[in-house]
Number of protein chains: 2
Amino acid sequence: MPKVVDREEMQHGILDAAMQVYAKKGYHAATIADVAKEAGLGKGTLYLYFKNKEAIAISMVERHFKGMEDRFFGQKMPGTLEEFADGLSKSMEIPDGQSQFVRVFFEVFGPSFASETFSEKVASFFDKLGAHYAGQIAHLQEAGHIRSDADAGKLGRTLASLIDGMILHRGLFNISAQRHAEMRSEATNVFVRGLISGAQ
Amino acid sequence: MPKVVDREEMQHGILDAAMQVYAKKGYHAATIADVAKEAGLGKGTLYLYFKNKEAIAISMVERHFKGMEDRFFGQKMPGTLEEFADGLSKSMEIPDGQSQFVRVFFEVFGPSFASETFSEKVASFFDKLGAHYAGQIAHLQEAGHIRSDADAGKLGRTLASLIDGMILHRGLFNISAQRHAEMRSEATNVFVRGLISGAQ
DNA sequence: TACATGACTGACCAGCCAGTCATAATAGAT
DNA sequence: ATCTATTATGACTGGCTGGTCAGTCATGTA
């Protein structure tokens with residue numbers, strides 16, 4: 001038997017290298033040769049693991065969204081406002097290394113949003129997220145922890161938008177982890193105060 | 001004297017055409033020839049009005065940010081919570097045609113954020129916006145309209161981030177104007193409730 | 001040691017596009 | 001009418017990069 005290589009591990013390594021290079025030079029400015037060099041491989045070798053440049057980007061996104069889904073949907077139904085707030089805060093928390101992904105993502109896929117199908121796919125992700133929060137809100141309303149006059153559906157969507165917005169804002173504008181943490185706590189605070197029944 | 005042309009008007013027209021093309025095909029995929037065609041001009045003619053492709057993008061940004069500044073900072077100091085809320089809501093409101101700019105912006109300038117100078121320039125814009133809101137919040141605190149235990153500075157920054165985030169979210173993900181309006185009103189509602197003194 | 005097979009490589013090429021420039025069209029002045 | 005400064009044009013080119021492929025290397029088996 002000849003030399004054997006773990007394909008998945010290889011692909012992971014290449015994606016890491018690509019992320020590094022794209023974050024520094026930008027996806028379009030970066031050449032395949034750059035990525036190969038960063039990965040410590042010959043240019044041709046890359047093509048053994050990815051069909052072409054685009055395939056690298058697509059794999060990168062898939063890997064990333066996988067992680068996001070876990071972060072967003074992995075949490076269990078909160079029983080108290082405090083747990084809910086923790087969940088919100090945690091959702092807004094992005095690992096430092098991954099926050100640069102946002103920029104690369106939009107450089108590569110920004111144009112794709114012009115297509116209906118692509119756009120809808122992403123939109124459905126946020127619908128799901130909105131519904132997720134709506135479910136939690138409704139649950140807490142029943143338990144009397146959130147004012148009952150609120151429309152859980154709309155609120156859920158809005159919360160999703162706000163949270164995603166903060167993540168985007170951080171990723172795109174390179175807000176420092178510390179300042180982001182500050183904002184996260186302030187935002188959570190405002191949200192929760194805005195949701196409780198006793199308000200006004 | 002020979003043929004005379006209004007340079008500024010010409011440049012405006014080219015920028016409009018470029019915006020159109022970039023939004024549809026993406027900045028990198030679009031060629032100068034595409035832009036020229038959309039503008040109803042020959043390729044060479046473009047180069048009489050813009051030095052190169054990059055210059056078009058830069059002019060586009062400058063024109064856009066000019067408008068943003070007016071929207072954000074043009075409002076006068078709010079005397080009541082209601083006026084404050086109106087201001088917030090208005091800040092989140094983006095003309096339909098301009099919301100597509102966000103995607104183009106990040107496709108073109110996403111990579112530039114890797115540079116300190118560029119990054120800081122944008123960051124300072126948001127510092128200014130944060131300070132702007134902080135000033136309004138402090139003002140309303142003195143008047144007793146907002147709970148006094150809040151840190152106006154942090155809150156201002158957080159609000160700026162949330163608002164900008166919603167704008168980004170809308171622009172990037174192509175949220176419909178109607179749904180965006182819904183979210184705007186919900187968000188404003190939550191903010192205001194979260195800011196008032198009587199809460200909890 | 002010889003051989004088989006998968007892993008790896010980088011020089012090369014085709015296609016693409018930003019930017020140039022030689023030439024043509026236009027319109028105000030006389 | 002004619003002249004000429006200015007504006008308009010699109011065929012052309014030079015540089016660049018994604019992707020290929022003919023050849024080399026590494027590893028394990030007989």
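So you know, we letter chains A, B, ... as the sequences are listed, proteins then strands, and number each from 1.
Between B/Ser89 and B/Asp86, the side chains place no donor N or O within less than 3.5 Å of an acceptor N or O (distance only, hydrogens not considered).
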### Task
Check the pair A/Arg63, A/Asp16 against salt bridge (charged side-chain N to carboxylate O under 4.0 Å, His left out), reporting the backbone distance first and the verdict last.
CA-CA 11 Å; A/Arg63 189 174 71 159; A/Asp16 288 342; 2.9 Å; yes
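The aromatic ring centres of A/His64 and A/Phe105 sit 6.0 Å or more apart. Under the 6.0 Å cut-off for aromatic ring centres, B/Phe84 and B/His145 do not qualify, their centroids lying 6.0 Å or more apart. The ring of B/Tyr22 has its center no closer than 6.0 angstrom to the ring center of B/Phe101.
Contacts of residues 8-37 of chain A with DNA chain D (heavy atom under 4.0 Å): A/Ala30, A/Thr31, A/Ile32. A heavy atom lying under 4.0 Å from DNA chain D marks the following residues of residues 40-56 of chain A, by number: A/Lys43, A/Tyr47, A/Asn52, A/Lys53.
Salt-bridge annotation for B/Asp127 and A/Arg179: present, with a side-chain N of the basic residue lying under 4.0 Å from a carboxylate O of the acidic one. Between B/Arg157 and B/Asp151 there is no salt bridge, since none of the side-chain N atoms of the basic residue sits less than 4.0 Å from a carboxylate O of the acidic one.
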